[in-house]
Amino acid sequence: GNSHLDADDPSVRRMFGLPSSKAAIVEKRRRVELMIDQCEIVRFPFKKRLVLANLDLSHDDVPVETICSSDRLGSLLYKLSLAGNPLCKVPDPLVVKLAGLR
């Protein structure tokens, strides 16, 4: 048989250590923004939770400024999940600025 690997498939790109395709990066950012928007519309008395788990986010993909921004989520954020992402460490501003996380 003739095997064919799809160069646009994110798992194939990861397997060969290739960066994400431009379309995949745009799609990832769109999904993260949508999740942030959904988190923002939650009103009192519900605690705001932002779950960005298992999205294959690298350190640079995490929208730190948006998450920490007082105009967006900032101090209102109760829980943030980045589980299942290939992060070596949590970006420093998330630890320093989001003191309200539980």
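All values below were derived from every heavy atom in this structure, side-chain atoms included, with hydrogens, water molecules and symmetry-related copies excluded.
- The distance from atom CG of Asp71 to atom CD of Glu65, rounded to the nearest 0.5 Å, is 11.5 Å.
- Residue Ser81 holds its OG atom at 7.5 Å from CG of Leu52, rounded to the nearest 0.5 Å.
- For the atom pair CD1 of Ile67 and SG of Cys39, the computed distance is 9.0 Å after rounding to the nearest 0.5 Å.
- Every residue was checked against the side chain to side chain donor-acceptor pair (under 3.5 Å) condition with Gln38, not counting sequence neighbours, and none meets it.
- Legend: residues meeting side chain to side chain contact (heavy atoms under 4.5 Å, CB included) with Val95, ordered by chain and number and at least two apart, are Val90.
- Taking the side chain to side chain donor-acceptor pair (under 3.5 Å) definition, one finds that Asn85 meets it with nothing, sequence neighbours left out.
- Residue Glu27 holds its CD atom at 4.0 Å from CZ of Arg30, rounded to the nearest 0.5 Å.
- The two residues Leu55 and Met35 make their nearest non-hydrogen contact at CD1-SD, 3.7 Å.
- Taking the side chain to side chain contact (heavy atoms under 4.5 Å, CB included) definition, one finds that Glu40 meets it with Ile36, Asp37, Arg72, Leu73, sequence neighbours left out.
- Residues Val51 and Val62 are members of separate hydrophobic clusters, defined by side-chain heavy-atom contacts under 4.5 angstrom among Ile, Leu, Val, Met, Phe, Trp and Tyr.
- When all heavy atoms of Asp56 and Lys28 are compared, the pair lying nearest together is O-NZ, 2.8 Å.
- Note on Leu82 and Leu101: same hydrophobic cluster, where clusters join Ile, Leu, Val, Met, Phe, Trp and Tyr whose side-chain heavy atoms are under 4.5 Å apart, directly or indirectly.
- Judged as a salt bridge (charged side-chain N to carboxylate O under 4.0 Å, His left out), the pairs with a partner in residues 90-100 (not counting sequence neighbours) are, in order, Lys89-Asp92.
- Taken from CG in Leu77 to NZ in Lys48, the straight-line distance is 9.0 Å, to the nearest 0.5 Å.
- Other residues sharing the hydrophobic cluster of Tyr78, ordered by chain and number and joined by side-chain separations under 4.5 Å: none, the residue standing alone.
- Val26 pairs by the side chain to side chain contact (heavy atoms under 4.5 Å, CB included) definition with nothing, not counting sequence neighbours.
- Scanning for side chain to side chain contact (heavy atoms under 4.5 Å, CB included) contacts around Ile41 gives an empty result, with sequence neighbours left out.
- For Thr66, there are no side chain to side chain donor-acceptor pair (under 3.5 Å) partners, not counting sequence neighbours.
- Between the CG atom in Leu50 and the CG atom in Leu76 there is a gap of 12.5 Å [rounded to 0.5 Å].
- The nearest pair of heavy atoms linking Leu94 to Cys68 is CD2-SG, 3.8 Å.
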